[in-house]
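Down below is the structure, laid out as structure tokens.
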Amino acid sequence: MTSSDTPKSWSGRFSVPVAETVKRYTASVLFDKRLATYDIQGSLAHAQMLCEVGILTENDFSAIQKGLAVISQEVEQDRFPWTLDDEDVHLNIEKRLTQLVGDAGKRLHTGRSRNDQVATDIRLYLRAAIDQHQIQLRALQCALICLAEGHVDTLMPGFTHLQVAQPVSFAHHLLAYVEMLGRDRQRLTDCRQRVNQLPLGAAALAGTSYPIRRERVAELLGFEGLCRNSLDAVSDRDFAIEYCAAASLLMVHLSRLSEELILWMSPRFNFVRIGDAFCTGSSIMPQKRNPDVPELVRGKSGRVIGHLMGLLVLMKGQPLAYNKDNQEDKEPLFDTVETLSQTLIIYAEMMSDVQVNEAALRQAAQEGFSTATDLADYLVKKGTPFRDAHEVVARAVRHAESEGCDLSDLPLATLQTFSSIIEPDVYEVLTLEGSVASRDIPGGTAPVRVRSALREARQRWDHAGE
Ligand code: ARG
């Protein structure tokens with residue numbers, strides 16, 4: 001970063017140069033230089049349109065194209081002379097362009113303002129980020145589906161209140177997350193439509209008096225439509241807030257899965273083992289294998305939610321139209337995009353490297369009287385009112401507990417002391433397999449249903465691309 005005493009592009013109005021502290025305080029170039037590629041993209045489209053409508057000459061346009069190509073290379077190769085004297089990415093690039101191509105560079109800003117320019121840049125940046133997330137999310141869903149495919153018949157305790165409730169297929173459990181991530185993908189797709197609207201043409205706030213063609217710029221940049229109101233176009237950041245809300249929900253979903261992985265990896269559960277590459281040891285306790293990655297994902301979800309809150313509060317007090325407050329949208333937004341991208345990438349890799357301890361899952365499912373509901377349902381099907389059946393089973397469970405065994409270990413004669421209508425076929429429903437097989441309805445955990453849910457998930461999330 002270089003700094004010199006060159007006057008600012010807007011300094012004509014002032015008699016005293018801006019204080020050094022103010023310069024540092026108000027500058028955004030240190031972080032918004034990340035928008036350079038999108039700024040160049042937007043400028044190229046704007047210049048082309050200006051040329052097409054006759055506001056710029058062919059010569060000026062071609063000089064601008066050449067200059068921006070040089071700048072693009074400089075940015076890519078980390079050679080661009082960023083300077084705090086030009087407060088943001090827009091002024092830095094414009095100044096450099098003028099150095100490179102002279103007056104043509106000074107004409108580029110005709111019919112636009114940094115207000116509609118920055119709004120365009122962020123939208124282009126966010127659109128690209130969303131497209132990346134879609135690919136990353138799809139990879140994560142595929143990793144979960146692959147893992148699930150090997151475990152349709154692996155039975156585990158399903159929990160409510162973190163107490164053993166009813167047995168479920170491990171694949172069914174994983175598919176719950178595939179669904180959540182599917183909705184996250186839909187939310188991002190939906191958000192993308194509102195991101196993908198062109199602000200350029202709004203200029204500072206009121207539109208421009210030049211006969212520009214906004215539709216043409218939208219077409220060149222791949223925007224689906226135009227922001228319809230110039231004041232709205234330059235001032236609202238709801239699209240970024242919406243993105244952060246979708247990102248927060250996504251992180252919350254991954255935080256829940258992380259919490260489960262952390263519990264499941266504890267020796268008390270010993271349900272799964274995630275690859276060594278995703279764990280760390282302790283510098284003092286040699287036996288430790290810490291699930292750092294899931295713990296950090298859980299932690300980083302807080303950070304992303306924080307950014308959502310930050311942006312909401314940033315917006316809430318702003319009168320129309322553009323206010324400098326909006327410059328503060330960038331760091332939270334960039335950090336959200338990066339945190340989410342890194343999380344999705346690492347999560348897909350981690351879920352492709354999970355070993356499942358089928359025996360431990362089965363044992364846990366057997367230990368918690370997870371088929372008690374099945375016994376109650378058995379009695380109901382034989383005519384006992386549900387509330388009475390519930391009572392009968394509660395007594396049977398108490399008895400089994402005092403004997404230190406499972407319901408299925410109780411002899412028939414003992415079970416019959418609780419209800420005389422119990423017959424030898426009761427053992428079919430008391431097994432884990434019998435229990436899950438009976439939940440044979442759409443969305444249920446019966447292996448036959450889980451298998452078809454898996455097929456459907458593959459089709460929906462893998463092939464359809466959404
Ligand atoms: N750096 C500014 C931002 O991020 C660009 C727009 C500045 N506009 C202005 N009128 N000062 O919002």
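The figures here come from the full heavy-atom set of this structure, side chains too, leaving out hydrogens, waters and symmetry mates. Everything numeric here is computed off the predicted structure, so don't read it as measured data. Counting starts at 1 for both ligands and their atoms, following the listed order. Along the sequence shown, residues carry numbers from 1.
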query: When you look at CZ of Arg79, are more than 12 heavy atoms from neighbouring residues, nucleotides or ligands closer to it than 6.0 Å?
result: yes
task: Establish, from distance only, whether the side-chain atoms of Gln134 and Thr189 form a donor-acceptor pair under 3.5 Å.
output: yes
query: Relative to the heavy atoms of Ser28, which atoms of ligand 1 are at a distance of less than 4.0 Å?
result: 1 (N)
field: Distance from atom 3 (C) of ligand 1 to nearest protein heavy atom, with residue and atom
entry: Tyr322 OH, 3.2 Å
field: Shortest protein contact, atom 11 (N) of ligand 1 (heavy atom only)
entry: Arg114 NH2, 3.6 Å
- request: Consider only side-chain N and O atoms of Arg183 and Gln186, and report whether a donor and an acceptor are under 3.5 Å apart.
  value: no
- request: For this output row, return yes or no: ring centroids of Tyr243 and His133 closer than 6.0 angstrom.
  value: yes
message: Ring-plane angle category for Trp264 and Phe271, please: parallel below 30°, perpendicular beyond 60°, tilted otherwise.
response: tilted
- line: Looking only at protein heavy atoms, what sits closest to atom 2 (C) of ligand 1 is Gln327 OE1, 3.3 Å
statement: The protein heavy atom nearest to atom 4 (O) of ligand 1 is Lys330 NZ, 2.5 Å
task: Go through ligand 1 atom by atom and flag the ones less than 4.0 Å from a non-hydrogen atom of Asp88.
output: 1 (N), 2 (C), 5 (C)
field: Side chains of Arg112 and His109, donor plus acceptor under 3.5 Å
entry: yes
- prompt: What protein heavy atom is closest to atom 8 (N) of ligand 1, reported as residue, atom name and distance in Å?
  reply: Asn115 OD1, 2.8 Å
